[in-house]
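In what follows, a structure is listed as structure tokens, so that the remarks can point back to it.
Whatever order the structure lists them in is the order used to number ligands and atoms, beginning at 1. All residue numbers in this chain count up from 1 along the given sequence.
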Amino acid sequence: MTAFKNAPDQSYLFPHRHLLSVEELSAETITALLDISDVYADHNRARPSSLTSLRGRTCINLFFESSTRTRTSFELAGKRLGADVINISVGASSIKKGETLIDTATTLNAMHADILVIRHGDAGAVKLLSEKVNCAVINAGDGSHEHPTQALLDALTIRRRVGHLKGLTIALCGDVSHSRVARSNIRLLTAMGASLRVIAPPTLMPNSIGQWGVEAFTDMRRGLAGCDIVMMLRLQKERMQGNFVPSVREYFHFYGLDREKLSHAKPGALIMHPGPMNRGVEIDSDIADDIDLSLIQEQVEMGVAVRMACLDVLCRPNAVSLGEG
Ligand code: NCD
């Protein structure tokens, strides 16, 4: 293996067989994953030759929903660790011919993959598949439920820039109702000691928000007051049945992040967006591209490091396989 300046902690045992949700991760586990990701982030910046720790392992990316960042970064992460990576595009697979979800999973299982990375439009579908296969499964987004690696990469991005997560006030703004990114981030950042706010129009605010342990606002300027970090969310039209916003223009007027609205947050507040961005809908290009304010490119960069860490720990013997889980 290529030498690391600081090698990731090899003795660490991930306490689960799969990575399905942030809900099952303790603050200790999150910290361990962020520490390992940090080492990979430094390694990726130095751009040495590929590592070999996953040589001979097979990772299959099975994406039932479209994706650019998540799928590409899982592919890069696997390749940088020396794994064989296969991408299955649903449009060109037997799923189009009517094969059931479970038949697809059992077929892939029979090929002895080591890790299946799955994105699916239905909440709970990835967990269901994880119960039918012998290999480790990573949830790359299931409906509006969870997207654990996105929350990990967001936390890593903040931790590297600000130095800590504890005590920060972080606002998630926009289509909270349909966002798996919001659900995973709220769980993870709260577990790490941050205070979370959500800002959304009443039509995109989840009914159950009172049980989420966050402060909820429908007024953007009030919600942003005193925030350290502002995370914008995409309007997820593909998950909407009916009209949730009167018009894109009106949405931008009330909920689109621009310099004026951002001036209500703490001086020096940083902006994040998981991508893909709808410029002029939830965010103004002028601030999205301002490298002093925007962490958006760093989020993409950290995505590869976090996914390397997740593939790494899931390919090790884990606490469950060793009978300690
Ligand atoms: C997010 C997703 O797919 O949930 N994107 C991503 O993973 N980079 C958010 C979104 O699609 O808006």
Side-chain angles (χ1 to χ4, degrees), residues 19-23 37 61-78 87 89-90 117-127 137-158 170-189 198-201 204-206 229-240 244-245 248 251-252 255-257 271-283 285 288 294-311:
L19 176 56
L20 298 176
S21 69
V22 171
E23 203 170 13
S37 304
N61 291 327
L62 180 58
F63 277 60
F64 293 86
E65 276 189 341
S66 52
S67 168
T68 306
R69 289 157 198 75
T70 308
R71 198 197 53 70
T72 313
S73 60
F74 267 113
E75 181 174 355
L76 259 178
N87 294 307
S89 127
V90 166
V117 178
I118 307 174
R119 168 170 285 192
H120 196 280
D122 294 334
V126 179
K127 181 170 189 325
V137 171
I138 298 180
N139 179 6
D142 63 326
S144 302
H145 176 230
E146 277 240 27
H147 191 354
T149 57
Q150 180 70 41
L152 286 164
L153 76 88
D154 288 338
L156 182 66
T157 306
I158 302 170
I170 302 175
L172 282 144
C173 316
D175 185 358
V176 179
S177 196
H178 298 101
S179 178
R180 53 195 175 207
V181 173
R183 282 169 181 76
S184 290
N185 260 309
I186 288 168
R187 289 184 172 132
L188 191 148
L189 294 165
V198 298
I199 308 171
L204 294 173
M205 185 71 84
I229 307 279
V230 185
M231 286 189 181
M232 299 309 297
L233 301 168
R234 184 175 63 88
L235 263 191
Q236 308 215 354
K237 294 220 177 87
E238 73 277 19
R239 298 194 205 291
M240 295 180 191
F244 285 76
V245 293
V248 160
Y251 183 80
F252 183 73
Y255 294 100
L257 187 67
I271 305 167
M272 302 176 76
H273 193 304
M277 272 188 284
N278 286 317
R279 291 168 182 267
V281 179
E282 69 262 354
I283 192 162
S285 271
S294 167
L295 294 177
I296 297 169
Q297 289 310 313
E298 268 140 280
Q299 287 174 272
V300 177
E301 183 187 357
M302 292 310 124
V304 179
V306 157
R307 285 156 185 143
M308 287 170 84
C310 294
L311 294 175

Quiz item: Hey, what do you get for NE2 (His273) to CG (Asn278), rounding to the nearest 0.5 Å?
Solution: 6.5 Å
Self-check item: His147 versus Arg307, closest heavy-atom pair with distance
Solution: CE1-NH2, 3.8 Å
Practice problem: Tell me yes or no: between the side chains of Glu75 and Asn87, is some donor less than 3.5 Å from an acceptor? | Solution: yes
Practice problem: Using a strict cut-off of less than 4.0 Å between a Lys/Arg side-chain nitrogen and an Asp/Glu carboxylate oxygen, indicate whether Glu65 and Arg180 qualify as a salt bridge. | Solution: yes
Self-check item: Note, Leu189 side chain near Met231 side chain (heavy atom, < 4.5 Å)
Solution: yes
Practice problem: Could you tell me whether a side-chain N or O of Ser144 sits under 3.5 Å from a main-chain N or O of His178, the two making a donor and an acceptor? | Solution: yes
Show me a pair-per-line table, with atom names and distances to 0.1 Å, of protein N or O atoms that are under 3.5 Å from an N or O of ligand 1.
from: ligand 1; atom 1: 3 (O); to: Arg119; atom 2: NH1; distance (Å): 3.3
from: ligand 1; atom 1: 3 (O); to: Arg119; atom 2: NH2; distance (Å): 3.2
from: ligand 1; atom 1: 3 (O); to: Arg180; atom 2: NH2; distance (Å): 2.9
from: ligand 1; atom 1: 4 (O); to: Arg180; atom 2: NE; distance (Å): 2.7
from: ligand 1; atom 1: 4 (O); to: Arg180; atom 2: NH2; distance (Å): 3.4
from: ligand 1; atom 1: 5 (N); to: Gly275; atom 2: O; distance (Å): 2.9
from: ligand 1; atom 1: 7 (O); to: Thr70; atom 2: OG1; distance (Å): 3.0
from: ligand 1; atom 1: 7 (O); to: Arg119; atom 2: NH2; distance (Å): 3.1
from: ligand 1; atom 1: 7 (O); to: His147; atom 2: NE2; distance (Å): 2.7
from: ligand 1; atom 1: 8 (N); to: Pro274; atom 2: O; distance (Å): 3.1
from: ligand 1; atom 1: 8 (N); to: Gly275; atom 2: O; distance (Å): 3.2
from: ligand 1; atom 1: 11 (O); to: Arg234; atom 2: NE; distance (Å): 3.3
from: ligand 1; atom 1: 11 (O); to: Arg234; atom 2: NH2; distance (Å): 3.0
from: ligand 1; atom 1: 12 (O); to: Arg234; atom 2: NE; distance (Å): 2.7
from: ligand 1; atom 1: 12 (O); to: Arg234; atom 2: NH2; distance (Å): 3.4
from: ligand 1; atom 1: 12 (O); to: Gln236; atom 2: NE2; distance (Å): 3.4

